[in-house]
Protein chains: 2
Amino acid sequence: MRETPQSPEDQKRSLVEAQDGFIAAFGQMGSAWGISRTMAEVQALLYITGEPLCTDDIMERLRISRGNASMSLRALLDWGVISRAHKRGDRKEYFQADQDVWDMFRAILRERMKREVDPLLASLHEIRDKTNTELAGKSDAGRGKRPRDDDPELRQKIDEHNARLDSMLRFFETIEALSQKFVSPAGRGLKIAATLLTSPLMAGGGRER
Amino acid sequence: MRETPQSPEDQKRSLVEAQDGFIAAFGQMGSAWGISRTMAEVQALLYITGEPLCTDDIMERLRISRGNASMSLRALLDWGVISRAHKRGDRKEYFQADQDVWDMFRAILRERMKREVDPLLASLHEIRDKTNTELAGKSDAGRGKRPRDDDPELRQKIDEHNARLDSMLRFFETIEALSQKFVSPAGRGLKIAATLLTSPLMAGGGRER
DNA sequence: GAGAGATTTCAATCATTTCTGAAATAGTCG
DNA sequence: CGACTATTTCAGAAATGATTGAAATCTCTC
């Protein structure tokens, strides 16, 4: 691997290339996770440059329209992963990304739980309540006083259905509780837990093949 | 809440309704996570009915085309969350979902890591290598023998860039390692870890507000 | 409070993903 | 084999989601 001295111009170009690569990779990833590509790219750009940029900077660098830039920035603000900034003597608004990667993903986790898992959990509970009240009392206390079960086979199907629903419910409740642990307190939670879990101390828990 | 005795017909109807609700909720969720709605619905249907269904059952119940059903089933097989089954004296293929919720999500986690995080990690490494070789040696050993740095400001930008890239890299490597832990050994991993983490023993680690 | 940006909104357009249906292929049985 | 059934494929249709651009709205400043 030879030393290849570079002129500042070359260095500059390489830096921009690296940034573009990062932005592209991040955008790719984002779109696989149900986030619009552009939104992910804006986030990536703000993160990797590290400095506050205004709408026009972003439009230019990412070649997107003003409307698109505005909406993406708004969405990122809602997610809590970027913040506003101002430069004195400049009427424009600038935006900067949270520079702590763990904070950033904690925010994302929190929002996604709130937007996707919580509603699912609500639906599951609702469904469970309905089938529970209307269909069965599981192996409930008031047993024996249920109106004559004229179809034991149906009864069993219903019980099994409820059991499956319950498994799913318990799963998501655990996930919910876990993510609370990671997300809630000031900053540590997630990073510490992750580091602990992957540390040598845990090595006995999950030996790879 | 009054006891409302129901005829078997009503019970049957309620069961089907509950199944439909579950399927809808699951499909919704799926589509928010970059999985096609139909694919998630097929999985939900197979899970909640618990019994092996053939392509025609699925087409009818979900009102989708044969082609769509075929492709979704194929994808689910690839993901490893459903399996084939056969009924004697019947030439059709039947499909059934893994009935263990934790196994199911372990499979999903494994696939998603493989398909989305691994490539991202590869890109990040590639980008890092490039900027590293071409641009800087960080605060590397061979300091002082670098060709005269004619632009210290640029030099600093590049170093910061590399630092940010490294943070991101370390983050995803930790996530990768974590998910390995959860995913790799036979069955325990994830469930145990989750249960441990949410157990009272951990209560000190993440007090909620 | 009028003028000059800056920002947001939104109907129309464009792009991407998903779905269909029919044709092609594979598989089974006598 | 040949008839028949089940399954896969894939080009186009339909649905969904993202993006644009220009008009409307907001926010300063003087």
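Atoms considered below: every heavy atom in the structure, side chains included; atoms not considered: hydrogens, waters and symmetry mates. Below, chains carry the letters A, B, ... as their sequence lines are ordered, and counting in each starts from 1.
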Asks: Who passes side chain to side chain donor-acceptor pair (under 3.5 Å) against A/Arg37, sequence neighbours left out?
Replies: A/Ser31
Asks: Does A/Glu126, at its CD atom, have more than 12 non-hydrogen atoms belonging to other residues, nucleotides or ligands within less than 6.0 Å?
Replies: no
Asks: Assess whether a salt bridge exists between A/Glu111 and A/Lys114, defined as any Lys/Arg side-chain N lying under 4.0 Å from an Asp/Glu carboxylate O.
Replies: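 Judged by the 4.0 Å cut-off on N to carboxylate O distance, A/Glu111 and A/Lys114 do form a salt bridge.
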Asks: At the 4.0 Å heavy-atom cut-off to chain B, mark where contacts on DNA chain C begin and end, going 5' to 3'.
Replies: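 Endpoints of the contacted stretch of DNA chain C: C/dT18 to C/dT28.
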Asks: How would you list, by chain and number, every residue that makes a ring-ring contact (aromatic ring centres under 6.0 Å, His included) with B/Phe172, sequence neighbours excluded?
Replies: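 With neighbours one apart ignored, the set is A/Phe105.
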Asks: Are B/Asp100 and B/Arg106 close enough for a salt bridge, meaning some N to O gap below 4.0 Å?
Replies: no
Asks: Hey, what do you get for CD1 (B/Ile58) to OG1 (B/Thr38), rounding to the nearest 0.5 Å?
Replies: 11.5 Å
Asks: How does protein contact run along nucleotides 16-30 of chain D, one letter per nucleotide 5' to 3', with B for base contact, S for sugar-phosphate only, - for none, heavy atoms under 4.0 Å?
Replies: --SSBB------B--
Asks: Taking only Lys NZ, Arg NE, NH1 and NH2, and the carboxylate oxygens of Asp or Glu, determine whether A/Glu160 and A/Lys157 approach each other closer than 4.0 Å.
Replies: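 Result for this pair is no, no salt bridge flagged.
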Asks: Does the cation-pi check pass for B/Arg115 over B/Trp79, that is, NZ or CZ under 6.0 Å from the six-membered ring centre and within 45° of its axis?
Replies: yes
Asks: Kindly indicate whether a cation-pi arrangement holds for B/Arg170 with A/Trp102, taking the cut-offs as under 6.0 Å to the six-membered ring centre and within 45° of the axis.
Replies: no
Asks: Nearest whole angstrom, please: distance from the C1' of D/dT7 to the CE of B/Met59.
Replies: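 That distance rounds to 12 Å.
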Asks: Restricting to pairs with a member in residues 64-85 of chain A, which pass salt bridge (Lys or Arg N to Asp or Glu O under 4.0 Å), not counting sequence neighbours?
Replies: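 Sorted pair list: A/Asp56-A/Arg66, A/Arg84-A/Glu93.
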Asks: Taking five pairs at each end, how big is the angle between the two axes of the helix from C/dG1-D/dC30 to C/dG30-D/dC1, to 10°?
Replies: 30°
